[in-house]
Amino acid sequence: MALLPILCYPDQRLHKVAQPVRAVDDRIRALIDDMLETMYDASGIGLAATQIDVHERLVVIDVSEERNQPLVLINAEITWMSDVRVKGEEGCLSVPGIYDGVERATAVKVTALDRHGQTQNIEAEGMLAICIQHELDHLKGKVFVEYLSPLKQGRIKTKLVKAQKAER
């Protein structure tokens, strides 16, 4: 297993739309393991392949307190979304140190393949539902800051560009 570099906003590669995974094979399973290791190391609760510059429809999530209940979603599709919405504070491994309110559905139903290529149907609510929506947005090339006002987006972009320059 290996830690993978996470792209940081405003990197344009974060806006690339992911393609479906063609086969759930050893390459994908190795990528899943690397993504989980990367997510846990970064203290995240979700990671989309887009964030590591792999543009395939693959997401890993673990919202458990113990960090021992990984969820793998391959070629995931939301089949239902509740009408009830909640505005909650979100952060992102690709937008380090930034948190802001985003409105999301409180519950979703998702169909996806698991790490073995088997179809799974998931009903999620609360934090898991929000995390699924956030990560699937990444696969569409959308970062959570794009839900914010243009003014906030500009401030976040400026702050992160300055921080990235300072690191170099």
Side-chain angles (χ1 to χ4, degrees), residues 1-64 66-78 89-100 102 104 108 110-118 120 122 124 127-148 153 156-168:
M1 294 197 319
L3 292 177
L4 305 168
I6 298 171
L7 299 176
C8 283
Y9 184 81
D11 192 307
Q12 287 304 304
R13 294 172 289 180
L14 289 168
H15 300 294
K16 189 170 181 183
V17 176
Q19 299 303 306
V21 170
R22 295 194 188 284
V24 180
D25 52 18
D26 288 343
R27 178 187 69 85
I28 290 294
R29 283 186 280 279
L31 181 59
I32 290 166
D33 293 339
D34 291 346
M35 286 175 63
L36 284 167
E37 183 178 357
T38 301
M39 178 189 73
Y40 290 133
D41 183 73
S43 299
I45 61 171
L47 185 66
T50 300
Q51 293 176 270
I52 54 157
D53 202 20
V54 174
H55 302 282
E56 295 181 77
R57 294 189 55 77
L58 169 61
V59 165
V60 296
I61 294 172
D62 190 343
V63 296
S64 69
E66 301 81 20
R67 314 294 284 142
N68 64 356
Q69 296 175 32
L71 176 63
V72 174
L73 302 175
I74 300 170
N75 297 339
E77 297 293 337
I78 294 176
E89 187 121 313
E90 287 189 26
C92 180
L93 295 176
S94 290
V95 190
I98 305 293
Y99 300 89
D100 212 316
V102 176
R104 304 268 189 194
V108 295
V110 178
T111 299
L113 301 178
D114 66 12
R115 71 178 294 129
H116 305 291
Q118 301 300 310
Q120 56 184 339
I122 297 163
M127 178 64 75
L128 179 57
I130 289 165
C131 189
I132 288 171
Q133 292 168 79
H134 176 109
E135 298 308 329
L136 293 185
D137 272 355
H138 277 298
L139 300 180
K140 297 175 197 165
K142 190 166 187 174
V143 181
F144 90 94
V145 297
E146 293 172 51
Y147 287 101
L148 308 177
Q153 288 180 46
I156 291 167
K157 189 179 289 188
T158 300
K159 181 178 181 177
L160 292 175
V161 167
K162 279 185 182 176
Q164 290 166 17
K165 285 180 182 173
E167 281 181 16
R168 292 184 197 133

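In what follows, every heavy atom counts, from backbone to side chain, and hydrogens, waters and symmetry copies are set aside. Everything numeric in this text was worked out from a predicted model, so none of it was measured.
With a 4.5 Å cut-off on side-chain heavy atoms, V17 and H55 do not count as touching. P70 has its side chain out of reach of R115: every pair of non-hydrogen atoms, C-beta onward, lies at least 4.5 Å apart. Contact of the L73 side chain with the I122 side chain is registered, since non-hydrogen atoms from C-beta on lie closer than 4.5 Å. Taking the side chain as every heavy atom from C-beta outward, L113 and Q118 never approach each other to under 4.5 Å. You'll find the side chain of I132 stays beyond 4.5 Å of the side chain of V59, heavy atoms only. The closest side-chain heavy-atom distance from Q51 to M39 is not below 4.5 Å. For the pair M127 and I45, the minimum side-chain heavy-atom distance is below 4.5 Å. When side chains are defined from C-beta on, H134 does not count as touching V102, because their heavy atoms never get closer than 4.5 Å.
Side-chain N or O atoms of D34 include one that pairs as donor or acceptor with a backbone N or O of A2 at under 3.5 Å. Of the possible donor and acceptor atoms, one in the side chain of N75 sits under 3.5 Å from a partner among the backbone N and O of V21. No donor-acceptor pair under 3.5 Å is formed between the side chain of E135 and the backbone N or O of V60. Although no hydrogens or angles enter the test, the distance criterion places a donor-acceptor pair under 3.5 Å between the side chain of Q120 and the main chain of V72. Not one N or O on the side chain of S94 forms a donor-acceptor pair closer than 3.5 Å with the backbone of Y9. The backbone N or O of V161 lies less than 3.5 Å from no partner atom in the side chain of Q164, so there is not a single donor-acceptor pair. Distance alone, capped at 3.5 Å, is enough to place a donor-acceptor pair between the D62 side chain and the N68 backbone. In terms of modelled atom types and a separation under 3.5 Å, the side chain of R29 and the main chain of H116 share no donor-acceptor contact. Here the side chain of D33 pairs no donor or acceptor atom with the backbone of L36 at under 3.5 angstrom. Looking at T38, its side chain does come within 3.5 Å of a backbone N or O of L4 through a donor-acceptor pair.
The only member of I156, V143, I98 that meets side chain to side chain contact (heavy atoms under 4.5 Å, CB included) when paired with L148 is I156.
The local environment of NZ in K16 is sparse, with at most 12 non-hydrogen atoms from other residues, nucleotides or ligands closer than 6.0 Å.
Note on K140 versus E146: no salt bridge recorded, every NZ/NE/NH1/NH2 to OD/OE distance being 4.0 Å or above.
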